[in-house]
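Sharing a structure below in structure tokens format, with a few things to ask.
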Amino acid sequence: MVNIQSIGFVADSKLEAFIQSKLDKLMKLDDDIVGVEVFLRLEKSVTTENKVVEIILDLKGADLFAKKQSQSFEESTDMVIEALRRQLVKHKEKLRAK
């Protein structure tokens, strides 16, 4: 189950669809993902790099978290997904090692 929350603004359906498609690919990597929380936020800053994406992956027995900030929500999403993908791989390796 994916829950996307935009804080302080309304995310358009294209952005939500983009995030959903990225999460779908990520969720295929691990059957233990039971939920996903996505938070989109505009930081009040003087730079254009004010689009923040935070994602919490709820796994059976663990939570993974990543937060990235860039000029666009799409770019931030790509960076967060990549960070979570690396965390998932490490998590699976730890489980295999047990």
Q) From Arg86 CZ over to Ile81 CD1, what is the distance, rounded to the nearest 0.5 angstrom? A)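 Between Arg86 CZ and Ile81 CD1, I get 12.0 Å after rounding to 0.5 Å.
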Q: Would you indicate whether the side-chain heavy atoms of Leu57 and Leu88 approach each other to under 4.5 Å?
A: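 Yes; the side chains approach each other to less than 4.5 Å.
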Q.
Just verifying a value: how many Å separate Lys68 NZ and Ser76 OG, rounded to the nearest 0.5 Å?
A.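 Lys68 atom NZ to Ser76 atom OG measures 9.5 Å (nearest 0.5 Å).
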Q | Residues Val36, Ile55; criterion side-chain contact (heavy atoms from CB on, under 4.5 Å); working and verdict | A | CA-CA 7 Å; Val36 182; Ile55 299 180; 3.7 Å; yes
Q.
Measuring from atom CG of Leu84 to atom NE2 of His91, what distance do you get when rounded to the nearest 0.5 angstrom?
A.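 Reported to 0.5 Å precision, the distance equals 12.0 Å.
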Q) When rounded to the nearest 0.5 angstrom, what is the spacing between CZ in Phe73 and CG in Asn50? A)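 Phe73 CZ to Asn50 CG: 7.5 Å, rounded to 0.5 Å.
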Q) So, for Phe39 and Phe65, is the gap between ring centers shorter than 6.0 Å? A)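 No: the rings miss the under 6.0 Å criterion.
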Q. Between Gln20, Lys28, Lys22, which is the residue that forms a side chain to side chain donor-acceptor pair (under 3.5 Å) with Asp24?
A.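 It is Gln20; the other options fail the test.
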Q: Carefully, step by step, assess Lys14 and Glu16 under the rule salt bridge (charged side-chain N to carboxylate O under 4.0 Å, His left out).
A: CA-CA 5 Å; Lys14 277 187 202 168; Glu16 289 190 0; over 6 Å; no
Q) Does Ile4 belong to the same Ile/Leu/Val/Met/Phe/Trp/Tyr cluster as Ile56, with side-chain heavy atoms less than 4.5 Å apart forming each link? A)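 They do not share one cluster, since no chain of ILVMFWY contacts under 4.5 Å joins Ile4 to Ile56.
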Q) How far does CG of Leu64 sit from CD of Gln87, to the nearest 0.5 angstrom? A)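 Taking CG in Leu64 and CD in Gln87, the distance rounds to 5.0 Å.
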Q | Pairwise side-chain contact, Lys60 with Val34, heavy-atom cut-off 4.5 Å (strictly under) | A |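 Of all side-chain heavy-atom pairs linking Val34 with Lys60, at least one is under 4.5 Å.
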Q: Please lay out, stage by stage, how Lys51 and Leu42 fare under the test side-chain contact (heavy atoms from CB on, under 4.5 Å).
A: CA-CA 5 Å; Lys51 307 332 184 265; Leu42 285 166; 3.4 Å; yes
(Q) Show the nearest heavy-atom pair for residues Ala11 and Ser6, with the distance to one decimal. (A)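 So the two residues come closest at N-OG, 3.4 Å.
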Q: Determine, step by step, whether Val53 and Met79 satisfy the side-chain contact (heavy atoms from CB on, under 4.5 Å) criterion, reporting the C-alpha distance in whole Å, the side-chain angles of both residues, the deciding distance to 0.1 Å, and the verdict.
A: CA-CA 9 Å; Val53 176; Met79 293 189 301; over 6 Å; no
Q: Quick one: do Glu82 and Arg85 satisfy salt bridge (charged side-chain N to carboxylate O under 4.0 Å, His left out)? Show the steps, please.
A: CA-CA 5 Å; Glu82 180 55 30; Arg85 191 190 63 73; 2.8 Å; yes
Q | Cluster check Ile7, Ile19: I/L/V/M/F/W/Y, side chain < 4.5 angstrom | A |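 No.
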Q | Minimum side-chain heavy-atom gap Leu40-Gln5 below 4.5 Å | A |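 No, every pair of side-chain atoms sits at 4.5 Å or beyond.
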Q: Would you check if Phe18 and Asp78 make a side-chain contact, meaning some heavy-atom pair closer than 4.5 Å?
A: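 Answer yes - side chains close enough.
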Q.
For Lys90, I'd like to know if atom NZ has over 12 heavy atoms of other residues, nucleotides or ligands within 6.0 Å.
A.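 Incorrect, the count does not exceed 12.
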Q. Has the side chain of Glu74 got a donor or acceptor atom that lies under 3.5 Å from a matching backbone atom of Leu15?
A.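 Side chain of Glu74 to backbone of Leu15, a donor-acceptor pair under 3.5 Å: no, none is there.
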Q) Going from CD on Glu49 to CD on Glu75, what distance comes out if it is rounded to the nearest 0.5 angstrom? A)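 Interatomic distance, Glu49 CD to Glu75 CD, rounded to 0.5 Å: 7.0 Å.
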Q: Grab the two heavy atoms, one from Ile33 and one from Leu26, that are nearest each other, plus how far apart they are.
A: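 Heavy atoms only, the tightest pair is CD1-O, 4.1 Å.
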(Q) Could you tell me if the side chain of Val52 sits less than 4.5 Å from the side chain of Lys67, heavy atoms only? (A)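 Lys67 reaches Val52 side chain to side chain.
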